[in-house]
Every structure is written in C-alpha cells, then in structure tokens.
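Every number for a ligand or one of its atoms is a count from 1 in the order of the listing. The figures that follow rest on heavy atoms only: side chains count, while hydrogens, waters and symmetry mates do not.
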Amino acid sequence: MTNFEVREYDAAGRLGELDVPRAGVTVSTPTILPVVNPHVQTIDPAALEAEFGAEILITNSYILHGSDQLREPALSEGLHDLLGFSGAIMTDSGSFQLAEYGDIDVTTEEILAFQQEIGSDIGTPVDIPTPPDVERERAERERETTQERLERAAAMDTGEMLVSAPVQGSTYPDLRERAAREAKTTGLDVFPLGAVVPLMNEYRYADLADVVAACKRGLGETGPVHLFGAGHPMMFAMAAALGCDLFDSAAYALYARDDRYLTVRGTELLADLEQFPCQCPVCTEHTPAELRKLDEDTREDLLARHNLHVTYGEIRTVRQAIRAGNLLELVDSRARGHPTMLDGYRTLLDHAEQLERTDRVSKDAFFYASTESAHRPEVVRHHERLDRFDIDAETVLLTEGGSNDRYDETWGVLPPFGPYPRELAETYPLTAEVPDRTDRAAYEAAADGVARLVALHPDTSFTLVHDDWPETALSRVPERVRLQDLHARE
Ligand SMILES: [Zn+2]
C-alpha cells in the first residue's frame, strides 16, 4: 500500500496524497470526484479541470461498455481523450445499476479488463451494494460474494491501473468492520464504502457515522477511503473527520437540473432565494431573479457551476481545517445546519476514543464551541493521560483558583478536561478557550476527570475547589473528595 501517504491528521481526518501511476498524477486528498455521465456532460471535463481544479473524476464504465455509440470510441481513443480530461479517472463497474435494476450482464473479470482497455486509472470490480436495514443473513451472504469478487480482482493482472475494493455490510457495524478487514487483505488500492447513499438521502447521518467508524476500524490506517456517492458539501467535514478521503457525486448536476442550490448548510430551492448567500462568480454576477428568467439549459449550467464552486470550496475549507487542527470546530459548526447533522456529529463523538488514536497531540487552540466539545477526543485523551501521573503527596488540592500551601501539591482544574498538573497549563489542549458561561457538559466531563484521578490514588486525600459547579457535576465526584466552592471560600 504505497500509493497513499498521509501528511497530517486531525481527529481521524487526514491530508493525504494519492499517487495514481497510470495517470501520472498525484491527487491531494480529501477531494471530490465529480461524476461525469458519458452521455450527458453538464459541465464538460475540460472545464472541471481548468476552472475548478479537478484532479480526478469518476465515470461509469458499465455505461460505456453497454453503449453502441461510446464503446468503440472509448476503446480506440481511450477514456482521457474521449472525455478530454488529463487528470486521474476512476471508473465504476455497474454495481449501481445492479442495485437499481437487480441484474447486469458483465462479470468482474470482464468489466475490469474493459476498464483497463479504455485506460481507466482506478478500476472497480462488481461488488454487491447491500442496502441499509436488510436482514443480517442477506448482508452476510452478499458480503461474502463481494469479498470473493475482490479476491478475483486482486488475482488479475491489471497493470498500473489501481483497483478499488468496495466495503459492504449494510447497517451492521460488525459486518462492515469484517468486510473492511478482509478487503484490506486483498492488497487492493482504494476502499470505497458502498451503499451509503440511502442513508444520506434519508438524512440518517448518525447511522452513516456508525457505518464509517466501523469500516475504519477494519481498515485501520490503510487508505484511501472513498465515501461512495457522497456529494453534498454539508457533510464533507463530518465524513472527513471520521477518516474519509474521497467523495464523489453527481449532486452538482442532478440538483441543478431541479433548480436546487447547494450550500454548506443544506439545499435551497432557487425559487425561494431572494439573495445568493455565496461569493462564487455565478452568484456575484447574477441575482436569483435573473437566473430564474434564463432559459432552462443556461440556468442549469450556471446552477451546476455554483454547486461545484461550493463543493470545491468546502473541500478546501476541510483541508485547511485539517492543516490548522480545527476540523472538529468546523464539524461542530456544520452540524448546526440540520438536526440530523447534529445527530451525526454526536455519533461521531461516540467514537472519540477511536478518533483519538490518530488525532495529533498538539494543535493551536481548542475552542469550546458547544456542549458537544465536552466529548471531543482531546478530552478522552486527557482523561487517559491522568493514569500516567505519579502523585507522591498526602494531600492534593484540585482547584480552579490559585494554589494554597496548606496542601502538599496543587493541581489546576479546567472544564471540560478536569484536573491537570500545573506545569502543563500552557500545553495543548489545556490552553483551551472556554466560555465563562460554560455548560453542564463541561463541568460533568471535568468531574469525570476528577473521579478518574482520585480512583487511581486511594491513599491521597483530595480537595476540590470548584467555581460553582452544578449538582449534576458534583454528584460525579467521589464522596471522599472534600468540596469547596471557589467563591464561598473568599
Ligand atoms: Zn455561488
């Protein structure tokens, strides 16, 4: 697995480089692969490359294979000339059609050979996209079939073409994890997480977060991970924070066709817009009223361009957030766009321990931006770190205020982290910016930290000086800790 290199982590999010040897290009990730329909090109691939900086796109080899007009030109000219695109081209195999229509007329061997013949840079076997919520037995059976096909694909000589290994398993986390672990053993190159589109269409972001987290547990840091069919910019930050590197979508074009306007907070109807909340060329040069008056084709083209600008803009925002170490602050702010996104974010934080493993130790700042911040990986890590401190003192003061030499040792206390040795006060994440009027979740997390420390040192006597903590937090502090209110004491 030498084609993918991670440059930087934030939570499980990663800045990476995917080397695509057949195309002779290196693709920066996270990124989006615009879906190009070989028959109907809303925005032509040359424009994707020149105007939007697309380094990679995805098209469907099954459509080409079955097309009387396009099959021969694809074989004779090759995919890059046919589409007019010099970057990396990934091809899908017809699995989508299989899911839609229940039957396709190619095998994995035939379609992979065809993908190689037409010059695809990343090919895809025919996996079985098992939908969410099916019976477990079906999910198991189809996962096995997919795995057999991946193994057959891995056994083929596909030259320099990379080959993807889709991970299925429906909505069963253990099956997803197992599918991922077995997909990894094939030595194939790219790992699409399949059949998640129904979850996204139904705004089931919590289930999506569980599925992605399960797949990632199976894959480990093997990559890159492709969230198949994910193209709405509102969920890029969340998916990236869980460890997805590639997204693909026809949303920019499909939505434009229906006069739908993408934003990072959700989707708007052109009919409802009085102003464009966007700075892209389309939105600065037109008003919604002007766009509504245009003929359908022009309007569709302009809306598709806006949708792409927002999509690539969000990809850049996600990359910069990973670079800056504030991806989770970005996820937090995106999660406010829709209550189901908030469910997704909260579910992501259920996996904080998993995300903590790759999260980097030091960043610029931790912003306590919401009650969810109390459950971030940094808090989990701080609590785990408490296990490693020796305390060689009979009496220890844990305090949000100043030290007091009546005690052998004084530790600081900072919600949501809890107690910390004072010499660490200037280190990440204890340099956190926390609002003065913080919330119960922060105090409760701090109290959990106190409880953990106290349990580790049964022979030490602890006093906690807190700044008006609520009862729900104080009740989490072990009884043997003496409590004082910071202001009552003055
Ligand atoms: Zn715009």
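For the residue pair Ser170 / Thr130, no side-chain donor-acceptor distance below 3.5 Å is found, with atom types taken as modelled. Looking at Ser370 and Arg336, their side chains do bring a donor and an acceptor atom within 3.5 Å of each other.
Aromatic ring pairs are classed by plane angle as parallel below 30°, tilted from 30° to 60° and perpendicular above 60°; the pair Phe236 and Phe247 is parallel. The aromatic rings of His65 and Tyr62 sit parallel, their planes meeting at an angle under 30°, below the 60° perpendicular limit.
Within the protein, the number of N/O/S atoms found under 2.8 Å from the Zn ion (ligand 1) is 4.
In summary, the aromatic rings of Phe276 and Tyr261 are positioned with their centroids under 6.0 Å apart.
Without hydrogens or angle criteria, Arg292 side chain to Leu270 main chain gives a donor-acceptor distance under 3.5 Å.
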